[in-house]
Structure formats: C-alpha cells, structure tokens
Novice: 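Sharing a structure here in structure tokens format.
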Number of protein chains: 4
Amino acid sequence: MKSSQPLTPTPRRRSAANPGISDIDSNDAKAAILKAARAEFSAKGLTGARVNEIAAIAGVNKQLIYYYFGNKEDLYRTALEVVYTEIRTLESGLHLGDMQPEEAMAALIGFSFDYLQATPDFIGLLNHENARGASHVRDSKAIRETNSPLIELLAKTLSRGTRAGVFRRGIDPVELYVSVAGMSYFFFSNRLTLSSIFARDLESKAAVQAYRKHVVSFAMAGLRA
Amino acid sequence: MKSSQPLTPTPRRRSAANPGISDIDSNDAKAAILKAARAEFSAKGLTGARVNEIAAIAGVNKQLIYYYFGNKEDLYRTALEVVYTEIRTLESGLHLGDMQPEEAMAALIGFSFDYLQATPDFIGLLNHENARGASHVRDSKAIRETNSPLIELLAKTLSRGTRAGVFRRGIDPVELYVSVAGMSYFFFSNRLTLSSIFARDLESKAAVQAYRKHVVSFAMAGLRA
Amino acid sequence: MKSSQPLTPTPRRRSAANPGISDIDSNDAKAAILKAARAEFSAKGLTGARVNEIAAIAGVNKQLIYYYFGNKEDLYRTALEVVYTEIRTLESGLHLGDMQPEEAMAALIGFSFDYLQATPDFIGLLNHENARGASHVRDSKAIRETNSPLIELLAKTLSRGTRAGVFRRGIDPVELYVSVAGMSYFFFSNRLTLSSIFARDLESKAAVQAYRKHVVSFAMAGLRA
Amino acid sequence: MKSSQPLTPTPRRRSAANPGISDIDSNDAKAAILKAARAEFSAKGLTGARVNEIAAIAGVNKQLIYYYFGNKEDLYRTALEVVYTEIRTLESGLHLGDMQPEEAMAALIGFSFDYLQATPDFIGLLNHENARGASHVRDSKAIRETNSPLIELLAKTLSRGTRAGVFRRGIDPVELYVSVAGMSYFFFSNRLTLSSIFARDLESKAAVQAYRKHVVSFAMAGLRA
DNA sequence: AATGAATGAGAGTTCATTCAT
DNA sequence: TATGAATGAACTCTCATTCAT
C-alpha cells in the first residue's frame with residue numbers, strides 16, 4: 001500500500017501555454033473515478049468492489065486509477081474521507097442560533113434523517129467499515145480530526161432545553177445522538193429487508209416522509225419533561 | 001467439533017440396532033461449517049468471505065463444504081436462513097401474556113436490544129444483504145414465510161396500551177418497530193466507528209447496559225400519552 | 001491404474017441358500033454401469049466423461065463403479081472391449097456363403113452401413129480413441145485378437161468377383177474396406193455438422209435410407225469391371 | 001513467438017509515424033495462443049483440453065488467454081472459426097474453370113483428400129464438435145455463413161459431366177460429397193485404429209499416396225456412365 | 001454388495017497490480 | 001496524461017479416488 005492521496009485533487013504540471021484545459025480534464029477524470037468509487041465501495045465494500053468496475057463506470061482506463069490514487073485501498077480511503085467531509089459540510093450548514101430548544105431539537109432530529117437520505121453512499125461505506133473493524137476510520141487523521149458539529153449542537157440544545165425545563169433531565173447527549181441517529185440510519189440501511197419482511201413498501205416517497213414525521217415526533221416525545 | 005445448531009433437527013444416535021447411519025459425524029461437520037460460515041459471512045459478506053477460511057475455522061476439508069452445501073452462495077443462503085430461524089426462535093420465547101401494557105412494552109423494547117447482543121452474526125448478515133439488494137432474503141421462501149412474531153406482539157401491546165390510555169394514539173406499529181429496533185441495531189452495528197468518532201468506549205459492559213437503559217426509557221417516554 | 005476387469009461380469013460368492021438372486025442384482029448393476037459408461041465415453045471420451053455422471057445414469061452408487069471396475073480408465077477399456085466384441089458378433093452373423101460375388105459384395109457394403117447405425121456408441125468411442133493416439137485399442141489384447149471377419153470376407157468376395165470378371169482388377173481389399181467404411185462412418189459421425197453446413201436434415205429416416213442406397217450403388221459402380 | 005495466422009488480417013508495422021500502436025507483439029501472442037489452441041482442442045476437445053497446456057505451448061502467461069479470448073469456450077469457438085475459415089480459403093483456391101468434367105471431378109476428389117492432410121486440426125475439431133452435438137458450429141454465424149464453395153463446384157461439375165454423358169444420372173451432389181469426403185476423412189481420422197486392427201502401416205507417405213490414388217480412381221469409376 | 005463421508009490434486013477464472021510506451 | 005499488454009497470486013469449484021463401515 002502506497003501513501004494516501006491528497007483529498008482535493010491537486011493539478012500537476014500546469015504550463016503557461018496551456019493554462020487550465022488539461023487540469024480540467026484531469027479533474028474530470030479524478031472526479032469521475034471518485035464518484036464511481038464511492039458508489040462501488042458503498043455497495044460492495046473494500047474487498048467486494050472491483051477496480052475494473054470502478055474504471056468502467058467512471059469511463060476511464062483502469063490504469064488511470066493507479067496513476068491518480070496509488071492503489072485500491074488508497075482510493076477507498078480517499079472515498080471515505082470525501083464522503084465524511086461532505087457530511088461534515090452538510091452539518092456545518094445547520095444554523096439553529098436563535099431557535100427555541102424544542103424547535104432546534106426538532107430541526108436537529110429532522111436533519112439527522114435528511115442527510116442520510118441526501119448522502120446514500122454514506123451508510124454503505126459506514127456499514128462496511130464497521131463490519132471490517134473500522135480500521136480506516138480509526139486510522140484516518142482527516143476523519144478523526146473532522147469532529148462532528150452535530151453532537152456538540154445536540155449537547156448544547158439538550159442542555160438549553162433541560163435548563164428551560166422542557167426536556168427531561170438525565171439524558172446523555174451521546175446516547176441521545178446514537179438513538180436518534182439509529183432510528184433514521186436503520187430505516188435507510190435496512191429498508192430492503194424490512195420491506196420484504198413486512199411486505200410493506202418503505203421506499204416510496206410517502207413512506208419516507210411518514211417515517212420522518214414519526215421519528216421527529218417520537219423522539220421529541222421521548223425528550224419532553 | 002461441537003454441534004451447536006444441527007441442520008437436521010433430529011440427529012439419530014448410532015446404535016447396534018441402527019448400525020450404519022452415521023448422522024453424528026456428518027452433523028458435527030455440517031454444524032461446524034455453518035457456525036464458521038455465519039461468522040465469516042457476517043464479517044465479510046458473500047463475496048468478501050473466503051471458503052478457505054470457513055473450512056479452516058470449521059476444521060474440515062474445504063471440499064466437504066461443497067459436498068454438503070453445493071457452493072458458496074448456497075452455504076450463504078443456508079447460513080442466512082439458520083440465523084433468521086434462530087432469531088425467530090428467540091422471539092417465540094417471549095411471553096408477555098399477563099403483563100400490563102407498559103410492562104409488556106418495556107420488555108419488548110428490552111428484548112429488541114437483547115437479541116441483537118445475543119446473535120452477533122445477525123447484524124453483519126443483514127447489513128451485507130441490504131448492501132447487495134436483499135435478494136437472498138427476498139428469494140428465500142423460508143425467511144419470508146417465517147413472520148416475525150415480534151411485530152405482532154408489538155402491535156397488540158401498543159393497541160392494548162392505547163385503549164388503556166397509557167400510550168399515545170396515532171402511532172404506527174411498523175414505524176414504531178423500525179425506530180425501536182433502529183436504536184439498538186445502530187448501536188451494535190456502528191459501535192466501532194461511533195467509539196472512534198466520539199472517542200468514547202461503547203464496547204464495555206457498562207456502556208452497553210447504560211445504553212440499554214437509555215433505549216428503554218427513551219422509547220417508553222416517547223410512547224406515553 | 002489397477003488391473004483390468006474381466007470382460008464378462010463374473011458373479012462372486014454364490015451361496016447354496018441364495019443361489020442366484022444377488023448375482024442377478026450384481027449383474028444388473030454391472031450391466032447398467034457398462035451401458036451408461038458406453039454412452040458417456042462415446043459422447044465425451046475418456047477425460048471428458050464423468051464418473052459421477054455414469055453412476056447417476058446407471059442409477060448406482062459411485063463407489064460401486066470402483067468396486068466393480070477398479071477405476072475410470074479400466075471402465076473405459078472394458079466399455080471399449082465390450083463394444084468391439086458386440087461389433088464382431090454382428091459381423092459374425094454375416095453369411096454370404098452361396099451368394100454370387102456382386103450380391104455378396106452389396107450385402108457387405110450394406111452391412112458396413114447398418115452396423116454403424118445399430119451401434120451408435122462405436123463411432124464416438126473410436127473417434128476419441130483415434131484423437132488420443134489409439135493407445136487403448138493398441139494395448140488391448142482382447143481387441144487386437146478379435147480379428148475382423150469383415151475384412152476377410154471382403155477380400156474373399158473381391159477376389160471371387162475379380163476372378164469371375166465382374167470386378168475390376170488391382171483393387172486393394174484394405175483400401176476398399178477403408179473407403180467403403182469411410183462413406184458410412186463419415187455420414188453417421190458428422191451428420192450434425194453436415195446437416196448444419198448444408199442446411200439439410202440428414203437425420204431423418206428417409207435421408208438415412210437414401211444415403212444407404214447411394215453408398216451401395218456408388219461403391220458397386222466403383223468396383224465393376 | 002511466430003505468427004503463422006494472425007487473427008486481425010492486417011497487422012500494422014510499428015513506425016515512427018505510427019508510434020504507439022503495437023499490433024505486432026499483441027498479434028504474435030494472440031496467434032501463438034490460437035495455434036496452440038487449435039492443436040490442443042483438436043487432440044482433446046473442449047473439455048479435455050487444458051488452458052494451462054495451451055498457454056505453455058504458446059509460450060505465454062495463462063492469464064493472457066483470458067485477456068484476449070475471455071474464456072476457454074470462447075477460445076474454442078474462435079479456434080473453430082479460424083480453422084473453418086482456413087478451409088474455406090483453401091477451397092477458394094480451386095480453379096477448375098476450363099477443365100473437362102472428368103478432369104475437374106478428379107481434381108475435386110483429390111482436393112478433398114489433400115486439404116484434410118494439409119489441415120490436421122480440422123478433423124479433430126470436427127469430431128469433437130459432432131460428439132458434443134455440434135452446438136458451436138450451429139451457433140457460429142461465421143461458420144454458417146461461410147458456405148462451402150466445394151459443394152457448389154461439385155454440383156456444377158457433376159451436372160456438366162452428366163450432360164456430357166460421362167457421368168451417371170441420378171446422383172445427388174450432397175450424397176456424393178458426403179461419400180467422397182468420407183473416404184478421405186475416415187482414412188485420416190481413423191488411421192491409428194485401422195493401422196492397429198489391420199496390422200498395416202497407414203501412416204507412411206507411400207500408404208497415404210496409394211490411398212489417395214485409390215480414392216480418386218474408385219470414386220471416378222463409381223461416377224462413370 | 002453397497003454406500004455416505006472425506007480428501008488431494010488440479011482445473012478454470014478473477015483480480016489487483018505492474019510493465020512499457 | 002493516458003493506455004494496451006502482461007503477470008502472480010488467490011479464489012471457487014470439479015473430479016477421481018479413498019476411507020470406513
């Protein structure tokens with residue numbers, strides 16, 4: 001395994017005579033590879049994914065993947081970091097500043113549902129990571145250092161609400177985070193088997209929206225003092 | 001080789017009267033293969049798992065796997081069905097008959113946590129199934145036909161409690177099931193990455209018990225009228 | 001490779017109390033194996049044939065094949081010898097004694113066509129033998145010693161006809177045999193590809209009979225003085 | 001690696017003007033594989049042939065066979081088509097234009113002998129095809145579409161001779177083709193067992209030439225009015 | 001006489017990766 | 001920057017054969 005690649009594709013050899021064109025192509029290829037890699041790794045994991053397949057989906061020569069990313073594992077790591085970064089960026093977009101605790105908490109719970117829907121590769125990547133010991137997440141400085149703003153927001157909002165007397169006391173913010181995230185995560189992660197077992201379509205837009213509503217109201221009820 | 005869950009339900013003892021039918025050895029080997037297969041498939045999925053590894057862990061000749069199970073995918077399917085059957089058997093052990101709705105519901109929620117802990121292969125198998133389209137779950141008559149008693153118990157208990165005025169109205173039992181199961185599932189499924197991200201050990205006995213308590217109280221609070 | 005088995009199945013362990021029954025069963029199994037083996041080896045050759053398949057078709061336990069015939073190659077040799085013996089027996093049935101040379105020759109040519117039709121395994125076995133160097137035919141004392149009465153009959157009939165002035169002089173009996181046999185052999189051996197290439201059904205009864213007629217008249221015309 | 005029959009008809013030489021397209025090496029490897037494959041498949045058939053052996057004989061890495069030909073069966077199909085094409089090319093070289101019917105027919109019969117001698121792989125491949133149901137010949141568009149010019153030449157020559165009164169009436173050209181081809185085919189196909197059975201060397205140059213003479217004179221005599 | 005269990009050798013094929021340009 | 005050619009290692013699976021009863 002070679003050294004890992006930089007997260008943001010850094011163009012090389014830009015010449016004065018040909019200032020940007022080839023960089024754009026290069027970035028296109030790189031981006032196409034990453035996009036294909038995310039989907040492929042999410043669906044099949046590190047070992048299940050096929051370099052050939054990624055190249056085919058990205059529409060590039062297989063060798064280009066090695067040129068840009070070193071090897072399969074480095075590509076995986078990069079894809080993982082890119083997705084985590086994307087998640088964090090989404091989280092940073094949350095602004096609950098002047099909301100009341102209850103309103104803010106409802107927004108947070110809703111958000112924990114929405115971003116899973118918006119980032120479908122995330123669940124697959126995470127599941128495979130956990131199945132294989134989460135070594136890449138643990139070993140990635142980039143991922144470890146990108147703290148989740150969500151948990152801090154949640155802790156702050158929880159404590160605001162507790163002080164305001166609208167939320168119960170004695171709730172651990174990490175445990176709250178896990179249970180709230182779990183309600184949404186499990187829904188998206190296991191929709192297929194759940195649909196099959198319950199003979200009920202959980203993939204329709206209506207079902208998704210109904211479940212979102214349930215999660216928010218159920219969790220809010222669980223919090224109230 | 002110990003047989004923890006024999007494939008054929010009634011192993012016959014070899015006796016003088018029944019001299020040639022050696023189910024014992026055969027079942028031992030079969031059971032050892034299945035046990036190893038469950039763990040291997042749970043950790044690595046269908047494609048990631050290695051037949052060699054399963055044979056080595058089971059302590060049998062690799063070819064015996066093909067002799068008994070045909071091929072890798074059939075072994076996978078069988079392992080999946082065995083685990084599902086085991087889950088269903090656990091669920092059938094639940095007897096809430098004469099409990100009050102709240103007591104019964106708390107038992108149910110606790111159980112949804114406990115059986116995931118007791119059947120560690122289940123989450124891995126399910127995650128891989130969902131990642132690959134859940135085709136094996138959908139195609140298995142055995143799995144589809146084994147309805148979950150849990151969802152029916154939940155629906156019945158919910159309705160009992162609603163009528164008794166202790167639970168809120170308007171809660172859908174399937175959605176309740178998904179959210180309750182999700183709280184526990186996500187905890188076990190994503191413990192590794194969660195521990196890493198939050199820099200907090202979620203694997204200790206204490207942490208597990210604490211989270212179980214949280215899940216039950218949080219869900220019960222969410223239900224109360 | 002073990003020693004070869006006797007051609008005619010020799011029953012063992014006949015007891016006074018149970019004089020014939022088990023022998024019949026044993027012979028049944030042996031005969032079933034041989035029948036299946038002939039077809040399988042004819043279709044797929046020594047290496048292409050599958051012991052499993054032979055056992056399945058014969059309806060016996062695979063191990064019984066080893067019990068009776070030692071190993072795959074010995075079974076092959078035995079099948080080869082049985083078919084050769086069958087051919088020779090058919091040939092011995094030819095009685096041209098008091099026929100005129102032309103009549104006798106026509107009968108011989110017709111026979112060279114008929115016995116290929118009657119013994120479909122023969123061509124397949126022979127083709128595979130030739131493709132693999134004919135070592136088994138060469139090494140089988142049984143086959144080498146079973147001279148073909150056909151070639152002698154042909155030589156005698158040819159010489160009778162030549163002396164009688166009805167056949168041309170200077171025809172070598174072996175070459176005549178090869179060319180006459182070849183006309184029929186090729187027809188049966190290559191019917192499938194010939195049908196495909198010429199887009200003409202050579203498998204129908206009518207086509208077979210028409211070709212037989214052609215062979216006889218064509219060969220007789222080629223012989224006439 | 002020598003390229004005796006390149007797959008792609010027009011290998012381009014690598015030149016300064018055309019610097020990167022290296023058909024030469026690629027074709028060499030491809031051609032070497034095909035050459036080895038023809039011989040191996042001819043001798044042992046599709047199932048009997050060994051990919052390892054083909055690679056070893058061709059002097060290439062085994063995996064290159066998969067790189068170029070996909071799998072064993074596709075390689076077989078390709079080899080079959082190449083041999084058929086070669087046969088057809090040989091046939092196309094026949095020019096009987098201004099010969100008299102008898103002379104032309106003798107040339108045709110002689111040719112049907114000569115090309116089997118010149119293309120030793122052909123008989124083996126054809127025998128295995130027929131033994132296995134001729135499915136590949138039937139399924140190959142390339143083979144089906146490459147009509148045999150031979151049969152048309154034969155039909156034309158036969159009809160010319162019949163009109164000229166030198167050949168008998170009532171001879172079917174396809175049947176004539178089959179019997180004439182059969183005489184030669186059987187000789188080459190079954191030389192080994194025939195030599196063994198008749199204890200007569202049919203492999204010597206003299207024996208081959210003598211048999212060729214026999215075939216031509218025997219068939220011509222069979223045709224004459 | 002008959003059979004289920006078990007195994008070693010090797011087959012076809014896949015796959016990540018490197019070579020060479 | 002980009003690509004076709006080539007390879008070693010490993011994987012699933014097949015198959016003839018043996019073991020043990």
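Each chain gets a letter, A, B and so on, in the order the sequences are listed, and its residues count up from 1. All values reported here derive from a predicted model rather than from experimental measurement.
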Novice: Is DNA chain F part of any stem, that is, at least 3 consecutive Watson-Crick or G-U pairs with both distances under 3.5 Å, and where?
Specialist: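 So far as stems of 3 or more pairs are concerned, DNA chain F shows E:2-21 with F:2-21.
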Novice: Report yes or no: does C:K35 contribute a side-chain atom to a donor-acceptor pair with the main-chain N or O of C:A58 at less than 3.5 Å?
Specialist: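 Such a contact is absent between C:K35 side chain and C:A58 backbone.
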Novice: Just to verify, what does C:Q63 make a side chain to side chain contact (heavy atoms under 4.5 Å, CB included) with, not counting sequence neighbours?
Specialist: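 C:N61, C:Y66.
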Novice: For B:D74, which residues count as a salt bridge (Lys or Arg N to Asp or Glu O under 4.0 Å) partner, sequence neighbours excluded?
Specialist: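 Partners of B:D74 by the salt bridge (Lys or Arg N to Asp or Glu O under 4.0 Å) criterion, ordered by chain and then number, come out as B:R77.
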Novice: List for me each residue that meets salt bridge (Lys or Arg N to Asp or Glu O under 4.0 Å) alongside C:E40, sequence neighbours excluded, and say none if there are none.
Specialist: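 Result, salt bridge (Lys or Arg N to Asp or Glu O under 4.0 Å) vs C:E40: C:K44.
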Novice: How long is the line joining OH of A:Y76 and C1' of E:dA16, in whole Å?
Specialist: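 One finds 17 Å between C1' of E:dA16 and OH of A:Y76, rounded.
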Novice: Side chain to side chain contact (heavy atoms under 4.5 Å, CB included) with B:T47: which residues, sequence neighbours excluded?
Specialist: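 Testing B:T47 for side chain to side chain contact (heavy atoms under 4.5 Å, CB included), a comparison that skips the adjacent residues, returns B:R132.
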Novice: Between A:R38 and A:A79, what is the shortest heavy-atom contact and its length?
Specialist: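 Reported closest heavy-atom pair: CG-CB, 4.1 Å.
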Novice: Atom CZ of A:F69 to atom P of E:dA16: distance rounded to whole Å?
Specialist: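 So the CZ-P distance, A:F69 to E:dA16, works out to 16 Å.
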Novice: Between F:dT12, E:dA6, E:dT14, which nucleotide gets closest to the side-chain atoms of B:N52?
Specialist: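 So the nucleotide nearest the side chain must be F:dT12.
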Novice: Mind calculating the distance between NZ (A:K44) and C1' (E:dC15) to the nearest angstrom?
Specialist: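 Interatomic distance, NZ of A:K44 to C1' of E:dC15: 13 Å.
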Novice: What pair of heavy atoms forms the shortest contact from D:L46 to D:H136, and how long is it?
Specialist: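 That would be CD2-CE1, 3.8 Å.
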Novice: For A:K62 and A:V51, which heavy atoms make the closest approach, and how far apart are they?
Specialist: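 Smallest interatomic distance, heavy atoms only, reads CG-CG1, 3.7 Å.
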Novice: Can you tell me how far C1' of E:dA16 sits from CD of A:E40, to the nearest Å?
Specialist: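 The answer, rounded to whole Å, is 14 Å.
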Novice: Which residue, B:G48 or C:V51, contacts DNA chain F at a nucleotide closer to its 5' end, judged by nearest heavy atom?
Specialist: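 That would be B:G48.
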Novice: Would you mind reading off the distance between B:K72 atom NZ and E:dT14 atom P, rounded to a whole angstrom?
Specialist: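 Roughly 14 Å, once rounded to whole Å.
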Novice: Is a side-chain donor or acceptor of B:E81 paired with a backbone partner of B:S140 at a separation under 3.5 angstrom?
Specialist: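 Such a contact is absent between B:E81 side chain and B:S140 backbone.
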Novice: Could you give the NZ-to-C1' distance, from B:K30 to E:dA5, as a whole number of Å?
Specialist: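 Roughly 11 Å, once rounded to whole Å.
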Novice: Whole angstroms only, please: what is the CG-C1' distance between B:L75 and F:dC11?
Specialist: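 So the two atoms are 15 Å apart, to the nearest Å.
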Novice: Strictly below 4.0 Å: does A:Y67 bring a side-chain N or O up to OP1 or OP2 of F:dA2?
Specialist: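 A:Y67 to F:dA2 OP1/OP2: no side-chain N or O under 4.0 Å.
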Novice: If you compare every side-chain N and O of D:Y66 against the phosphate oxygens of E:dC15 (OP1, OP2), does one of them come in below 4.0 Å?
Specialist: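 Answer is no, no contact under 4.0 Å.
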Novice: Heavy atom of residues 53-65 of chain C under 4.0 Å from DNA chain E: which residues?
Specialist: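 Residues of residues 53-65 of chain C under 4.0 Å from DNA chain E: C:N61, C:Q63, C:L64.
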Novice: Atom CG of D:N71 to atom C1' of F:dT12: distance rounded to whole Å?
Specialist: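 Distance check: D:N71 CG to F:dT12 C1' gives 16 Å.
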Novice: OP1 or OP2 of F:dT14 versus the side-chain N and O atoms of C:R50: is any pair under 4.0 Å?
Specialist: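 No, outside the criterion.
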